[in-house]
Number of protein chains: 2
Amino acid sequence: MLAQVIPLSVPELREACSQCNLRELCLPMGLSGNELDQLDQLVEVRRRVQRGQHLYRGSDPFEAIYAIKTGFFKTDVLLEDGRDQVTGFQMAGEILGMDGIGSEKHTCNAVALEDSEVCVIPFAELEHYSREISALQHHFHKMMSREIVRDHGVMMLLGVMRAEERLAAFLLNLSQRFTARGYSPTEFNLRMTRNEIGSYLGLKLETVSRAFSRFNEEGLISVHQKHIRILDAAGLKKLLSQRRA
Amino acid sequence: MLAQVIPLSVPELREACSQCNLRELCLPMGLSGNELDQLDQLVEVRRRVQRGQHLYRGSDPFEAIYAIKTGFFKTDVLLEDGRDQVTGFQMAGEILGMDGIGSEKHTCNAVALEDSEVCVIPFAELEHYSREISALQHHFHKMMSREIVRDHGVMMLLGVMRAEERLAAFLLNLSQRFTARGYSPTEFNLRMTRNEIGSYLGLKLETVSRAFSRFNEEGLISVHQKHIRILDAAGLKKLLSQRRA
DNA sequence: GATCCACGTTGACGCAGATCAAAGCCCCCA
DNA sequence: TGGGGGCTTTGATCTGCGTCAACGTGGATC
């Protein structure tokens, strides 16, 4: 909003969807030059979220979805009795907030795990533009659908896999997503604690820690605190598919 | 298609969205009379699926989503090693197939648990109509979003609850959905086996059976095979919220 | 460079739910 | 009317992960 007052504000210009280096991963995927210009109008506002801060909380009114420009988030859901569960970890180019559309309020918390910046996509406007730009409409539907499929994957994790399989699947998933963003497939820093990993995987932090140590001993990975190096991706994959029916 | 050849074919007329008794639960929700007429054009084809048959299989090309008119389904996902997990049970007025949008093929199996009938909603046409009917667009987005929220609920189930809590949550959820469809909140027949319930809840069938027996002994429900009567819904709810953090 | 504190690791032990096994029930069909 | 097969129940035993506890580690702060 305010940015429009300062025409050609350099940082704003650089941050437009049409110039963003995530445009092949994020909402703009597959849009033509002209359509991208329209998207730039839709996504005007950016918001910084410091490490530890909430982007939104469960029960906040739902008004926008968010595309992560830089940084790393977790989402979690709370039960009345205080127990909670991490439902996902999100990185650059991924969308946050789609859970809120159905009930017009958010149904989970989104917390930055490092200093982050998000693009605010007012939802009513997104619907408006996607009535005009069918490529945008279709791509948005795909992103929602993929979120559903991702959740099925997590259900699989939680429902049928044993502890070490869950952790192996988690590491391979992170590796694959870092790769898609141009980072090393084999070496990265975890942004989350053992406790948060455990919550996501339906395990206690001690179990996560033991599984890391075990992978380390077996030469599958090397772990030092939050720094992970994958030494034997094939070995990790084998853990996933060898189990009894 | 064929039905158009026989004008005013009585069964077809009765089956139109505008006449359907599920229209307040299903896709037509919130549409005006005129918009409903358009929806009737979109949803022309119905399909019967007999008990035990697949509506679609994982890796089938994705072309349409399906609204359940009558009957009961399960969806399940397969792992390479043969293990599988039931990801949901769907009843009349609910939508199947949204998992397929993202990859243009289905990512799970949908199997009828009783003789069923679905309305076929060709997806390209749904996108077309929702560019014109914003109420339809918005409602479709809500349904997808609710699917994501539902999945979060299942993740919670699988990630943090113990066996009896999971079963209690499952029964209360069924009860609530039957109620919304005008059936008894307290008395119903399960369409799925103990094994399928177990797969959904991340438990073995013996554990499900024992939990049923326990609830029966404690007077929370009465079970005879697939017939369930809920005697103490409050007691079941208490099971869910009393646990330690 | 001493202190603090959140986070992580490791060990010992216990238990919820899995596994294995056997028997019961119901419905279908000859 | 009886036999067979799929589903369910129940009991006995096992085990993977949780729980509890103690100690280790690294990074921030003064």
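Order of the sequence lines sets the chain letters (A, B, ...), proteins ahead of strands, with each chain counted from 1.
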Looking at [X] and [Y], would you say the former's side chain and the latter's main chain have a donor-acceptor pair under 3.5 Å?
{"X": "Tyr56(B)", "Y": "Gly97(B)", "value": "yes"}
{"X": "Ser116(B)", "Y": "Ala112(B)", "value": "no"}
{"X": "Thr75(B)", "Y": "Asn109(B)", "value": "no"}
{"X": "Arg229(B)", "Y": "Glu187(B)", "value": "no"}
{"X": "Arg177(A)", "Y": "Leu174(A)", "value": "no"}
{"X": "Asn216(B)", "Y": "Val223(B)", "value": "yes"}
{"X": "Glu217(B)", "Y": "Arg214(B)", "value": "no"}

Mind calculating the distance between [atom1] ([X]) and [atom2] ([N]) to the nearest angstrom?
{"X": "Arg214(B)", "N": "dG11(D)", "atom1": "CZ", "atom2": "C1'", "answer": "16 Å"}
{"X": "His227(B)", "N": "dC27(C)", "atom1": "NE2", "atom2": "C1'", "answer": "18 Å"}
{"X": "Phe215(A)", "N": "dT9(C)", "atom1": "CZ", "atom2": "C1'", "answer": "16 Å"}
{"X": "Leu205(A)", "N": "dC7(C)", "atom1": "CG", "atom2": "C1'", "answer": "9 Å"}
{"X": "Arg83(A)", "N": "dG18(D)", "atom1": "CZ", "atom2": "C1'", "answer": "14 Å"}
{"X": "Leu167(A)", "N": "dG16(D)", "atom1": "CG", "atom2": "C1'", "answer": "15 Å"}

Using five pairs at either end of the helix from dG1(C)-dC30(D) to dA30(C)-dT1(D), determine the angle between the two local helix axes and round it to 10 degrees. 40°
Sorted by first residue and then second, give each side chain to side chain donor-acceptor pair (under 3.5 Å) pair with at least one member in residues 146-158 of chain A; sequence neighbours left out. Glu147(A)-Arg150(A)
Map Val208(A) and Val223(B) onto DNA chain D by nearest heavy atom, then report which one ends up closer to the 5' terminus. Val223(B)
Report the distance from atom [atom1] of [X] to atom [atom2] of [Y], rounding to the nearest 0.5 Å.
{"X": "Lys226(B)", "Y": "Leu190(B)", "atom1": "NZ", "atom2": "CG", "result": "7.5 Å"}
{"X": "Met161(A)", "Y": "Met156(A)", "atom1": "CE", "atom2": "CE", "result": "6.5 Å"}
{"X": "Ile148(A)", "Y": "Met98(B)", "atom1": "CD1", "atom2": "CE", "result": "4.5 Å"}

Is it the case that more than 12 heavy atoms not belonging to Lys105(B) sit under 6.0 Å from its NZ atom? no
Taking atom CZ as the centre, does Arg181(B) end up with more than 12 heavy-atom neighbours from other residues, nucleotides or ligands that are less than 6.0 angstrom away? yes
Summarise how protein sits on nucleotides 20-25 of chain D as a single string, 5' to 3': B when a protein heavy atom is under 4.0 Å from the base, S for sugar-phosphate-only contact, - for no contact. B-----
Partners meeting side-chain hydrogen bond (donor to acceptor under 3.5 Å, both in side chains) with Thr186(B) (sequence neighbours left out): Ser184(B)
Scan nucleotides 14-17 of chain C against the protein and return all N/O pairs shorter than 3.5 Å with their distances rounded to 0.1 Å.
{"from": "dG17(C)", "atom 1": "OP1", "to": "Ala163(B)", "atom 2": "N", "distance (Å)": "2.7"}

Contact under 4.0 Å: Lys226(A) side-chain N or O vs dG8(C) OP1/OP2: yes
Any Ser213(A) side-chain N or O less than 4.0 Å from OP1/OP2 of dT10(C): yes
Which residues within residues 189-197 of chain A lie with some heavy atom under 4.0 Å of an atom in DNA chain C? Thr193(A), Arg194(A)
